[in-house]
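Numbers restart at 1 for each chain; the letters A, B, ... are given by sequence-line order, proteins then strands.
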Number of protein chains: 2
Amino acid sequence: MDRHFTEPLRERGVRITPQRAFIWQALASSDDHFTAEELWERVRAVLPGLEISTVYRSLEALAGAGLVVESRVGEGPRIFEARSAPHPHLVCEKCGRISHLDSAAGGRILGALEAESEGFETHELHIFATGVCADCAEGTE
Amino acid sequence: MDRHFTEPLRERGVRITPQRAFIWQALASSDDHFTAEELWERVRAVLPGLEISTVYRSLEALAGAGLVVESRVGEGPRIFEARSAPHPHLVCEKCGRISHLDSAAGGRILGALEAESEGFETHELHIFATGVCADCAEGTE
DNA sequence: GTGATTGCAAAAGGTTTGCAGGGAC
DNA sequence: GTCCCTGCAAACCTTTTGCAATCAC
């Protein structure tokens, strides 16, 4: 395992185990988001004995350390991703694809929100829109 | 049952049953949001035999008709509320209370989002922030 | 009268927990 | 060496589903 991936865990006081390191690697080396089950499948490729309960417990540890954030997108399942600046998620109702807006957009929205919500100290901002993505709109109209 | 509550169902082609009417009444007469279980408890006060599965099926019918929207707030459970203009939810990590910003704020944020997400046709916008509300911040600092 | 909806009960699905052995520090 | 973490299996909880009787239209 590359130190590049274990270092963040050490820094944050997360005990390093192969399970956690590979789960973190899967998350940190992609700007995508994954369900617990997707992570399980991916990491089992390198750690065949991995249990789904360990995935959940590792995600809890990583989230507690602030490395991972959990979201829910509409009626969909829990998804996990490496923490980054807040960015809106766009969920296509037709193809199910989830795309991200860049975090500049998230920052502007966060600014607008904070201006509106005086007295509330925002830690985490979650934004998602459901609708129809450009590709699917083309296809059907 | 007051026609005031049955009329929206009729208009939208939702077959009117006591179960649906009372569930809709509970939602429509509050600007709060409820879990399925909370609705169940409330409506059982007037319909003692009500089953939780009926609550879910009724909510599905009401949501399908556009009268109700479902949200998820962070790691919390599914919540349902009467449809209104999009409005950000602020979830306090300390006391768990969920407050709303007014929909003008939601509208402004929606405007900002649409400007950023060209090609994506937004149907539904969900925004929530987790953090610490003014009351809790006072208490602990 | 016909088809949708309900209550009931059972199933499903995702997530959590208890425990004993093994691993990180 | 100590305490934490993992695998395993079972439990849990919310949500969904099948079915026959009932109700809305």
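Spacing between atom CH2 of Trp40(A) and atom P of dG7(D) amounts to 11 Å, rounded to whole angstrom units. Counting to the nearest Å, the P atom of dC12(D) and the CD1 atom of Ile52(A) are 20 Å from each other. When rounded to the nearest whole Å, the span between CD1 of Ile79(A) and C1' of dG14(C) equals 15 Å. The separation between Leu9(B) atom CG and dA4(C) atom C1' is 15 Å, rounded to whole Å. Computed from coordinates, the Ile23(A) CD1 to dT6(D) P distance equals 8 Å when rounded to whole Å. Between Glu60(A) atom CD and dT6(D) atom C1' the separation is 14 Å, expressed in whole Å. In this structure, CZ of Arg44(A) is placed 13 Å from C1' of dG7(D), rounded to the nearest angstrom. As rounded to whole Å, 18 Å separates atom P of dC19(C) from atom CD of Glu51(A).
In terms of heavy atoms, Glu81(B) sits closest to Leu27(B) at CA-CD2, 3.9 Å. Cys92(A) and Cys133(A) get closest at one heavy-atom pair: SG-N, 3.5 Å. Closest approach of Phe80(A) to Thr35(A), counting heavy atoms only: CD1-C, 4.5 Å.
Heavy-atom distances to DNA chain D give each of Ser53(B) and Ser58(A) a nearest nucleotide, and the one nearer the 5′ end belongs to Ser58(A). Sequence order on DNA chain D of the closest nucleotides to Arg10(B) and Ala36(B) puts Ala36(B) first from the 5' end. Ranked by how close their nearest DNA chain C nucleotide is to the 5' end, Glu37(A) and Leu47(B) are led by Leu47(B).
Using a 4.0 Å heavy-atom criterion, one finds that Ile16(A) contacts the sugar-phosphate atoms exclusively. Residue Thr35(A) is classed as having no contact, given no heavy-atom separation below 4.0 Å to the nucleic acid.
Proximity of Arg78(A) to the phosphate of dG14(C): no side-chain N or O atom is located under 4.0 Å from OP1 or OP2. Proximity of Arg20(B) to the phosphate of dA24(D): no side-chain N or O atom is located under 4.0 Å from OP1 or OP2. An OP1 or OP2 oxygen of dT6(D) is reached within less than 4.0 angstrom by no side-chain nitrogen or oxygen of Arg57(A). Remark: Thr54(A) is in phosphate contact with dG7(D), judged by side-chain N or O atoms under 4.0 Å from OP1 or OP2. The side chain of Gln19(B) places no N or O atom within less than 4.0 Å of a non-bridging phosphate oxygen (OP1 or OP2) of dC23(D).
The 12-atom threshold is not exceeded at CZ of Arg42(B), counting heavy atoms of other residues, nucleotides or ligands nearer than 6.0 Å.
Which of dC3(D), dA4(C), dT6(D) sits closest to the side chain of Arg15(B) comes down to dA4(C). Listed nucleotides dG7(C), dT6(D), dA24(D) differ in distance to Pro18(B); the shortest reach to its side chain belongs to dA24(D).
Between His33(B) and His100(B), the distance from one ring center to the other falls under 6.0 angstrom.
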